[in-house]
Amino acid sequence: MKPAPFDYRRARSVADALGLLAELGGEAKVIAGGQSLMPMMAFRLARPSHLVDIGGLGELRGLWVDDDGLHIGALTTHHQVETCTDPAVLAGWPVLPASMSWIGHLPIRTLGTVGGSVAHGDALAEWCLLTTLLDAVLVAEGADGRREIPVADFFLGFFTTALLPDELLVEVRFPAPAPHAALTEYAERHGDYAIVSAAVSLDLVDGSLRGGRIALGGVADAPVRVPEAEALLTAGTTHPDELGGVFAAAADAAAAAVDPGDDQHGSADYRRSLVRTLVQRAGVQASVAARAVDDDRPAAVPAGARRRP
Ligand SMILES: Cc1cc2nc3c(=O)[nH]c(=O)nc-3n(C[C@H](O)[C@H](O)[C@H](O)COP(=O)(O)OP(=O)(O)OC[C@H]3O[C@@H](n4cnc5c(N)ncnc54)[C@H](O)[C@@H]3O)c2cc1C
């Protein structure tokens, strides 16, 4: 199908984009990479009367690290993150480049943007999972200036976020480094959205496991953290034999804690069993990545490696 008729405006700056959104009202939609919005328009699931194209705003592109953490401009593409060679990014947040291969196919990653993915708010999107895992801060700009939204207050439900219709998401910030983290998932075909995805970040102090975070996609209307399972990530050791048991227990707790729905992709029980497998796998991959970071040698199991459960 073809989209319903719409007018097209190209923004010259962030201020210009905000002015256009204010002028055109709630019927206007921002377009960034177009990789989610255009298919929705083609299927007539979205019928904006105007598109405000922000794709040319170079000021919203790029990654940089400073005392406030890692900043990613909203228009940075998935592929720019995937191919990032900045040593500060790779040392602090290796899970981000490593996770990009899970997003669709290369042409989609070349056009699709980090900000577009987060603003779209798909519970299965890798960026929604990563921002949830790593306590990201979403920076929005509107007529009244900038505001920072903690991720815990950002994803409100099914494709719904805290962004206002006349606001732009301008930056995604990851305040704290997460050198020991991994994301893994299961999809029916390469490049499909996941049925269930899991991400784990480990807090290792002097080689000892002191805690961690677990986030899941595909089990609720938005990505979720699982405190019941996170509470078990306290082995006080990084010995592989002991860690395997810790991740298995955390995976069981995560599977017991979630209440996924049934759909054409699988039953609730199937999703729970994917949670069990994927949390354990992400934990092992995070600890392997951790040892590789600590030992300054490549990980034996790449954090983004695709493997079927
Ligand atoms: C075949 C296919 C497979 C895909 N597979 C995956 C996958 O496996 N995992 C995954 O995560 N994604 C997948 N995607 C989606 C892709 O990652 C998109 O790039 C992403 O979801 C949206 O980014 P975009 O820049 O294309 O946003 P757009 O499509 O341009 O916009 C998406 C929404 O966000 C809004 N928006 C965009 N930027 C901003 C902003 N800066 N401020 C405020 N609102 C904004 C738009 O108004 C729109 O509502 C797939 C897409 C396709 C076509």
Side-chain angles (χ1 to χ4, degrees), residues 3 6 8-11 13-14 17-18 20-21 24 26-43 45-57 59-61 72-82 96 99-132 138-142 146-147 149 154-155 159-172 183-197 199 217-218 222-223 265 304 306:
F6 60 89
Y8 173 87
R9 308 284 284 271
R10 191 168 174 81
S13 64
V14 169
L18 294 175
L20 286 168
L21 289 176
L24 299 170
E27 296 300 303
K29 270 254 172 223
V30 165
I31 184 162
Q35 297 303 292
S36 293
L37 185 55
M38 287 315 298
M40 289 187 73
M41 289 172 63
F43 284 115
L45 296 170
R47 292 166 170 252
S49 59
H50 295 80
L51 288 185
V52 175
D53 187 351
I54 60 169
L57 306 186
E59 64 210 90
L60 296 184
R61 253 179 233 279
I72 304 183
L75 281 181
T76 309
T77 63
H78 312 310
H79 188 57
Q80 278 178 282
V81 177
E82 184 172 21
L96 302 181
S99 300
M100 294 299 96
S101 63
W102 290 108
I103 302 179
H105 300 278
L106 182 59
I108 291 151
R109 299 199 292 274
T110 307
L111 291 167
T113 67
V114 176
S117 187
V118 174
H120 192 53
D122 187 328
L124 291 169
E126 284 74 12
W127 280 110
C128 298
L129 187 65
L130 290 163
T131 51
T132 300
L138 295 315
V139 185
E141 188 162 337
R146 287 194 173 200
R147 65 183 180 118
I149 312 168
F154 189 81
F155 297 115
F159 288 97
T160 310
T161 73
L163 270 184
L164 300 174
D166 59 353
E167 280 183 323
L168 278 186
L169 182 64
V170 291
E171 184 183 304
V172 177
L183 178 153
T184 189
E185 60 187 51
Y186 178 68
E188 279 165 357
R189 297 172 309 180
H190 171 82
D192 282 358
Y193 275 99
I195 296 175
V196 169
S197 54
H265 298 297
R306 288 171 187 265

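Start at 1 and go down the list; that is how both ligands and their atoms are numbered. Not measured: the values here are computed from a predicted model.
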> Hey, does Q35 come in under 3.5 Å of ligand 1, counting only N/O atoms on both sides?
Replying inline: yes

>> Looking at non-hydrogen atoms alone, which of P165, G34, A17, S36 comes nearest to atom 20 (C) of ligand 1?
In response: S36

> Among protein heavy atoms, which sits nearest to atom 27 (O) of ligand 1, and what does the distance come to when rounded to 0.1 Å?
Replying inline: G116 CA, 3.6 Å

> In ligand 1, which numbered atoms sit nearer than 4.0 Å to a non-hydrogen atom of A125?
Replying inline: 11 (O)

> With a cut-off of 4.0 Å, which atoms of ligand 1 are near a heavy atom of I31?
Replying inline: 30 (O)

> With a cut-off of 6.0 Å (strictly less than), are more than 12 heavy atoms of other residues, nucleotides or ligands near OH of Y8?
Replying inline: yes

Using distance only, find each side-chain donor-acceptor pair of residues 162-170 under 3.5 Å and give its atom names and separation, not counting sequence neighbours.
| from | atom 1 | to | atom 2 | distance (Å) |
| --- | --- | --- | --- | --- |
| E167 | OE1 | R147 | NH2 | 2.9 |
| E167 | OE1 | L164 | N | 2.9 |
| E167 | OE2 | R147 | NE | 2.7 |

> Is there at least one pair of N or O atoms, one from G115 and one from ligand 1, spaced under 3.5 Å apart?
Replying inline: no

> Between D192, D166, L169, which one has a non-hydrogen atom sitting closest to atom 40 (C) of ligand 1?
Replying inline: L169

> In the protein, which heavy atom is nearest to atom 52 (C) of ligand 1, and how far is it?
Replying inline: I108 CD1, 3.6 Å

> Which of the atoms of ligand 1 are close to V30, meaning less than 4.0 Å from one of its heavy atoms?
Replying inline: 39 (C), 45 (C), 46 (C), 47 (O)

>> Under a 4.0 angstrom heavy-atom cut-off, which atoms of ligand 1 come close to L168?
In response: 42 (N)

> With a cut-off of 4.0 Å, which atoms of ligand 1 are near a heavy atom of L163?
Replying inline: 43 (C)

> Going by the atom numbers of ligand 1, which of them fall below 4.0 Å from some non-hydrogen atom of G112?
Replying inline: 19 (O), 25 (O), 26 (O)

> Is there any N or O on A32 that sits under 3.5 Å from an N or O of ligand 1?
Replying inline: yes

>> Over 60° means perpendicular and under 30° means parallel, so tell me whether H78 and W127 are parallel, tilted or perpendicular.
In response: parallel

> Which atoms of ligand 1 sit under 4.0 Å from any heavy atom of W102?
Replying inline: 8 (O)

> Under 4.0 Å from ligand 1, counting heavy atoms only, is it the side chain of M38, its backbone, both or neither?
Replying inline: neither

>> Starting from atom 24 (P) of ligand 1, what is the nearest protein heavy atom, named by residue and atom, and what distance separates them?
In response: G33 N, 3.6 Å

> Is there any N or O on K29 that sits under 3.5 Å from an N or O of ligand 1?
Replying inline: yes

> atom 15 (C) of ligand 1: which protein heavy atom is closest, and how many Å away?
Replying inline: Y193 OH, 3.1 Å

>> Suppose I only count heavy atoms of I54 and a 4.0 Å limit; which atoms of ligand 1 are within that range?
In response: 41 (N)

